[in-house]
Amino acid sequence: HYYSSLKDLTKRFSKFNESILCFLTFEILNILNILHSQGLVHLNICPASIGLSVKGDIFLQNFEYLEPCELKESGKAFEHLIQRKGNWEYTSPELLQGQRIDFNSDFYSLVVLLFFLLLGPEICSRPTSFDEYEDFLSKEPLQVKKNRIPEGWSLESADFINKLIQVSEISRLGLFSSAELYSHLWL
């Protein structure tokens with residue numbers, strides 16, 4: 001029996017401990033590496049696209065936005081977002097701005113997911129439309145503040161999220177390869 005998604009599991013359990021989220025992150029990165037090694041980007045990493053079995057198996061689903069990695073400017077990204085009408089909160093800034101489609105888009109979505117699982121989606125309001133996005137980018141970026149780290153969680157968990165959730169793609173951990181992510185102390 002499979003839970004239909006992480007979204008369903010978050011409704012059932014309001015809190016996750018650090019070791020579970022670390023394991024979840026590691027497994028999703030493994031899956032993304034397989035996908036990325038084929039030159040593909042998922043573009044829809046969110047709770048509804050992560051399946052979990054009762055045995056602890058993790059898998060990706062919802063491949064309707066799967067695209068080849070394009071290391072050049074791409075107007076296609078913007079078209080996909082207009083059609084989506086959802087999951088804006090997990091979408092990378094460069095993708096929302098219609099820039100290139102690359103592997104970092106999936107990594108950014110994964111870290112926003114971790115941010116919300118750690119602190120809860122009510123911690124900030126994210127844009128609900130492309131028109132609101134420019135205003136969002138000009139405000140303080142998402143960050144896990146030291147006083148917001150749940151009791152018993154390591155500083156490394158916040159550091160991992162903070163280094164990966166940067167609005168500027170060139171400032172993010174994992175810009176050059178996922179090896180940067182795997183080598184972080186938290187994983």
Side-chain angles (χ1 to χ4, degrees), residues 6-7 9-10 13-33 35-36 41-50 58 60 69 77 81 87-97 99-128 130 132-187:
L6 181 59
K7 182 178 180 178
L9 198 62
T10 58
F13 302 99
S14 60
K15 300 251 182 194
F16 292 87
N17 71 36
E18 182 176 5
S19 62
I20 289 174
L21 281 186
C22 187
F23 173 75
L24 180 72
T25 302
F26 187 83
E27 291 299 312
I28 294 170
L29 279 174
N30 287 340
I31 295 166
L32 287 174
N33 271 332
L35 195 62
H36 294 171
V41 185
H42 190 275
L43 298 179
N44 193 23
I45 303 298
C46 64
S49 68
I50 298 168
I58 297 168
L60 284 181
C69 180
L81 294 171
N87 299 330
W88 284 85
E89 61 268 53
Y90 299 98
T91 304
S92 68
E94 60 275 7
L95 194 55
L96 286 174
Q97 293 173 331
Q99 295 173 4
R100 67 190 196 160
I101 296 172
D102 68 11
F103 307 134
N104 277 303
S105 298
D106 285 344
F107 297 149
Y108 184 86
S109 299
L110 173 60
V111 79
V112 172
L113 172 67
L114 289 174
F115 181 86
F116 288 147
L117 289 174
L118 177 68
L119 299 177
E122 67 283 348
I123 196 71
C124 69
S125 70
R126 300 266 293 163
T128 57
F130 187 78
E132 294 176 17
Y133 203 74
E134 283 187 357
D135 185 50
F136 172 76
L137 289 177
S138 67
K139 295 181 180 176
E140 186 176 333
L142 296 176
Q143 289 289 295
V144 179
K145 307 277 191 238
K146 190 173 182 178
N147 65 343
R148 299 291 306 194
I149 300 171
E151 188 175 327
W153 282 62
S154 67
L155 291 175
E156 287 83 6
S157 64
D159 184 66
F160 181 82
I161 292 171
N162 289 341
K163 286 183 176 173
L164 194 52
I165 206 163
Q166 300 295 312
V167 170
S168 169
E169 186 179 17
I170 60 169
S171 301
R172 278 187 221 142
L173 183 68
L175 174 63
F176 300 106
S177 82
S178 60
E180 292 179 41
L181 304 176
Y182 286 112
S183 67
H184 191 277
L185 289 174
W186 189 58
L187 292 181

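None of the values given here were measured: they were computed from a predicted structure. Start at 1 with the first residue, then count along the sequence.
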### Message
Show every salt bridge (charged side-chain N to carboxylate O under 4.0 Å, His left out) that has at least one partner inside residues 171-187, sequence neighbours left out.
### Response
Glu94-Arg172
### Task
Report yes if the side chains of Asp159 and Leu185 come closer than 4.5 Å at any heavy-atom pair, otherwise no.
no
### Message
Nearest 0.5 angstrom please: Leu32 CG to Asp106 CG, how far?
### Response
5.0 Å
#### Entry: Value rounded to 0.5 Å, distance of CD1 in Ile58 from CD1 in Ile31
6.5 Å
### Query
At their closest point, which heavy atom of Trp153 faces which heavy atom of Asn17, and how far apart are they?
CZ2-C, 3.5 Å
### Message
Please check: side-chain N/O of Asn162 versus main-chain N/O of Gln143, any donor-acceptor pairing under 3.5 Å?
### Response
no
### Query
Is a side-chain donor or acceptor of Ser109 paired with a backbone partner of Tyr90 at a separation under 3.5 angstrom?
yes
### Rounded distance [0.5 Å steps], OG in Ser49 versus NZ in Lys7
11.0 Å
### Query
Side-chain contact, heavy-atom cut-off 4.5 Å: Thr25 with Val111?
no
### Query
If you look at every heavy atom in Ile149 and Ser154, which pair is closest and at what distance?
CG2-O, 4.1 Å
### Query
In Å and rounded to the nearest 0.5 Å, what is the CD1 to CG distance from Ile161 to Leu118?
5.0 Å
### Message
I'd like to know if the side chain of Ser178 pairs up with that of Asn33 as donor and acceptor (distance under 3.5 Å, no hydrogens or angles considered).
### Response
yes
### Distance-minimising heavy-atom pair for Trp186 and Ser157
NE1-CB, 3.3 Å
### Message
In the structure I gave you, are the side-chain heavy atoms of Leu24 and Leu117 within less than 4.5 Å of one another anywhere?
### Response
yes
### Query
Rounded to the nearest 0.5 Å, what separation is found between the CG atom of Leu113 and the CD1 atom of Ile28?
6.0 Å
### Query
Can you name the nearest heavy-atom pair linking Phe160 to Leu181, along with the distance?
CE1-O, 3.9 Å
### Considering all heavy atoms, the nearest Val41-His36 contact
CA-CD2, 4.4 Å
### Query
Between Leu164 and Phe107, which heavy-atom pair has the shortest distance, and what is it?
CD2-O, 3.9 Å
### Query
Step by step, would you call Leu29 with Leu187 a side-chain contact (heavy atoms from CB on, under 4.5 Å)?
CA-CA 10 Å; Leu29 279 174; Leu187 292 181; 3.5 Å; yes
### Query
If you round to the nearest 0.5 Å, how far is CD of Glu18 from CG of Leu21?
8.0 Å
### Task
Output, in order, the C-alpha distance, side-chain angles, deciding distance and verdict of side-chain contact (heavy atoms from CB on, under 4.5 Å) for Phe16 and Leu114.
CA-CA 10 Å; Phe16 292 87; Leu114 289 174; over 6 Å; no
